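Predicted, not measured: the structure shown is a model, and the values here were computed from it. In the text below, chain A, chain B and the rest are named by the order of the sequence lines, each starting its count at 1.
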Number of protein chains: 2
Amino acid sequence: MSEKEFLQKYNVKDFDVPLVTVDSVLFTCHEDQLKVLLVERSNHPHQGQWGLPGGFIDLAVDKTLEEAAKRKLKEKTSIEPPYIEQLECKGGADRDKRGWSVSVCFSALIAYQDCQAHIESVSDAKWHFVNELGLLDLAFDHRAIINTALERLRQKALYSIVPAYALPERFTLPELQKVHEIILGQPIQKKSFRRRIEQAELLIDTGEKQASGKRQASLYKMKKSSSEYRFVRNLEA
Amino acid sequence: MSEKEFLQKYNVKDFDVPLVTVDSVLFTCHEDQLKVLLVERSNHPHQGQWGLPGGFIDLAVDKTLEEAAKRKLKEKTSIEPPYIEQLECKGGADRDKRGWSVSVCFSALIAYQDCQAHIESVSDAKWHFVNELGLLDLAFDHRAIINTALERLRQKALYSIVPAYALPERFTLPELQKVHEIILGQPIQKKSFRRRIEQAELLIDTGEKQASGKRQASLYKMKKSSSEYRFVRNLEA
DNA sequence: ACCTATTGGTGTCCATAAGACACTATTAAT
DNA sequence: ATTAATAGTGTCTTATGGACACCAATAGGT
């Protein structure tokens, strides 16, 4: 049989296939707390419980997995998050009552201010304090996925400035340090934090100053390549 | 509609679903070279080309994605690799001619000696020098997946001793250093390498010595927790 | 207009772990 | 016993984070 004949006859539905979803753990910082976006499920299974924003791939619309995840996030936030990366893929026979399922999980960051207005207009989406998830009964294995995302984010806070994407495009160094401290759950030495960022030339000084407060802090923005930069040493954990 | 009713009526095949495969990048070290296991494809598409070992999930047999990947690897190696981790998930409309596809990719390590006999008995599987893949026409996006796996492995060689799993259960420190050097493509300071491993107490001294060579090197084995250990500083890249 | 509190930002010394590299130790072969 | 080769150590230097005191700028009260 030629490849052409093979492809003509091929039909995915002739085989037993798992169901595939994309789900995202979207973090932000607000009021000195780390928050994660959850959606109240309107459909079975786990109807009425809180779960991660996500859903099925639209084979006709989505070109890649990341696009599918972004499309689903955009339904809740109206904008695409400035940072998104693949976290892990969970799959198994028992994690979804509908059958063998695969969830391609993403971890993303967004500035609270950049999407809060739209989220409030979407009745089923809400920011939840990460520290207070213990009380909630989350759908599927979404609690475990959030915990994995948190671990990864904590690691990144030790050796990168990826957490900057939880802030608006322009931000101050004290703001960035605060975000890191919130993620890590402990204070960081100001001098160490600033020194390594300056030495690696990761930020662009916009020349502007933040108006509020006492002394005015300089406003910076990320260089494009800075999200991939990795310091050779970790901060103390 | 109750959840029970919903689940009774639910059928995955009522929806357009992507096809899902698991694929593994299995590395080993032999003759001072990094090698990757490839399989000559017996079926369409890409019949006759080399590709990563893997395949479809068997919904009746596999409980998780990792189990599926291990089962597929075991068909070629006869044993499960001592180290396997999820690498990334590739998905898209165009990467597989059969349609929208998702590949859940794993990266794994194994000792050459532990599986070479079986691999030679499997006619379609063969170790390939990682440095000489340039000439080969690999199936799907498998070349890109191998490159991602390589990058990750190089990072791990800088801040962990995960590469130890490319060696037999008992190994010497010079052997381990050599594996790291092969992965990184450059020499490492012996003292630095040994000092950090000793300080972190990552290995168990078996008390045995390796027979061959001049002075006999001590044989060590991994502590269980050592694969997750991360040094606070990277070696120089 | 000046003082003070508060937050932003810097100077500088210390601690830690890697780099460099010379040295010692153990073995096999001659 | 000597030599060559490989295993393993001593120790000084270097780089970068930690600690913490200090200086700088701004708003508000007097």
- Message: Suppose we screen for side chain to side chain donor-acceptor pair (under 3.5 Å). Which residues come up paired with T21(A), at least two apart in sequence or across chains?
- Response: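 D23(A).
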- Message: Does dG8(D) have OP1 or OP2 under 4.0 Å away from a side-chain N or O of S218(B)?
- Response: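 Yes, such a contact exists.
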- Task: Would you tell me if any nitrogen or oxygen in the side chain of Q189(A) comes within less than 4.0 Å of OP1 or OP2 on dA19(D)?
- Result: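 Yes.
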Between [atom2] on [N] and [atom1] on [X], what's the gap in Å once rounded to a whole number?
X       : N       : atom1 : atom2 : value
D205(B) : dA7(D)  : CG    : P     : 15 Å
R196(B) : dT16(C) : CZ    : P     : 17 Å
F193(B) : dA20(C) : CZ    : C1'   : 17 Å
I188(A) : dT16(D) : CD1   : C1'   : 16 Å
R194(B) : dT6(D)  : CZ    : C1'   : 11 Å
E198(B) : dT16(C) : CD    : C1'   : 16 Å
E236(A) : dT16(D) : CD    : P     : 17 Å

- For E175(A), check salt bridge (Lys or Arg N to Asp or Glu O under 4.0 Å) against everything at least two apart and list the hits.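 E175(A): no salt bridge (Lys or Arg N to Asp or Glu O under 4.0 Å) contacts found.
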What N/O pairs connect the protein and nucleotides 12-15 of chain D at under 3.5 Å? Give each pair on its own line.
from    : atom 1 : to      : atom 2 : distance (Å)
dA15(D) : N3     : R233(A) : NH2    : 2.7

- Query: Between I84(A) and P81(A), what is the shortest heavy-atom contact and its length?
  - Reply: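 Minimum heavy-atom contact is CB-CG, 4.4 Å.
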- Message: If you compare all heavy atoms of A157(B) against all heavy atoms of I183(B), which two are closest, and at what distance to 0.1 Å?
- Response: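 Heavy atoms of A157(B) and I183(B) come nearest at CB-CG2, 4.0 Å.
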- Taking DNA chain C as the partner, which of residues 170-186 of chain A come within under 4.0 angstrom of it by heavy atom?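 Contacts with DNA chain C under 4.0 Å: P174(A).
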Reported [atom1]-to-[atom2] distance for the pair [X] and [Y], which is rounded to 0.5 angstrom:
X       : Y       : atom1 : atom2 : answer
I188(A) : R194(A) : CD1   : CZ    : 12.5 Å
R41(B)  : D124(B) : CZ    : CG    : 11.0 Å
L173(B) : F171(B) : CG    : CZ    : 7.5 Å

- Message: Holding to side-chain contact (heavy atoms from CB on, under 4.5 Å), I want the full list of residues that pass it with A149(B), two or more places apart in sequence or in another chain.
- Response: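 side-chain contact (heavy atoms from CB on, under 4.5 Å) check on A149(B) returns V25(B), F27(B), L87(B), S107(B).
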- Message: Angle between the end axes of the helix from dA1(C)-dT30(D) to dT30(C)-dA1(D), five pairs per end, to the nearest 10 degrees?
- Response: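 Between the first-five-pair axis and the last-five-pair axis there is 10°.
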- Message: Would you say that E181(B) contacts F193(B) through its side chain, given a criterion of any heavy-atom pair below 4.5 Å between the two side chains?
- Response: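 The answer is no; the side chains never approach within 4.5 Å.
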- Which residue pairs pass the salt bridge (Lys or Arg N to Asp or Glu O under 4.0 Å) test with at least one member in residues 156-171 of chain A, sequence neighbours excluded?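 Only E85(A)-K156(A), R170(A)-E208(A) qualify under salt bridge (Lys or Arg N to Asp or Glu O under 4.0 Å).
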- Message: Going by salt bridge (Lys or Arg N to Asp or Glu O under 4.0 Å), name the pairs with one or both residues in residues 127-145 of chain B, residues two or more places apart or in two chains.
- Response: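 Salt bridge (Lys or Arg N to Asp or Glu O under 4.0 Å) check on residues 127-145 of chain B returns R95(B)-D141(B).
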- Query: Ignoring hydrogens and geometry, is there a side-chain-to-backbone donor-acceptor pair from S78(A) to K74(A) under 3.5 Å?
  - Reply: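 Answer holds: no.
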Donor-acceptor pairs under 3.5 angstrom involving side-chain atoms of residues 196-204 of chain A: please list them, not counting sequence neighbours.
from    : atom 1 : to      : atom 2 : distance (Å)
R196(A) : NH1    : L158(A) : O      : 3.4
R196(A) : NH2    : R233(A) : O      : 2.6

When the side chains of residues 108-118 of chain A are checked against the rest of the protein, which donor-acceptor pairs come out under 3.5 Å, sequence neighbours left out?
from    : atom 1 : to      : atom 2 : distance (Å)
Y112(A) : OH     : Q116(A) : NE2    : 3.3
Q116(A) : OE1    : W127(A) : NE1    : 3.2
Q116(A) : NE2    : E120(A) : OE2    : 2.4
H118(A) : ND1    : K76(A)  : O      : 3.1

- Message: Please encode protein proximity along nucleotides 22-30 of chain D as a string of B, S and -, counting only heavy-atom distances under 4.0 Å.
- Response: --BBBS---
- Query: Charged N to carboxylate O below 4.0 Å: is that the case for E67(B) and R71(B)?
  - Reply: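 Salt bridge: no.
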- Query: Counting heavy atoms not belonging to K63(A), are there more than 12 under 6.0 Å from its NZ?
  - Reply: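 Open: at most 12 neighbouring heavy atoms sit under 6.0 Å from NZ of K63(A).
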- Message: Is it the case that the base of dG9(C) and the side chain of K191(A) share a donor-acceptor contact (distance under 3.5 Å, atom types as modelled)?
- Response: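 Not at all, since no donor on one side and acceptor on the other fall under 3.5 Å apart.
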- Heavy-atom contacts under 4.0 Å between residues 150-164 of chain A and DNA chain D, which residues?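 Residues of residues 150-164 of chain A that come under 4.0 Å of DNA chain D do not exist, since none gets that close.
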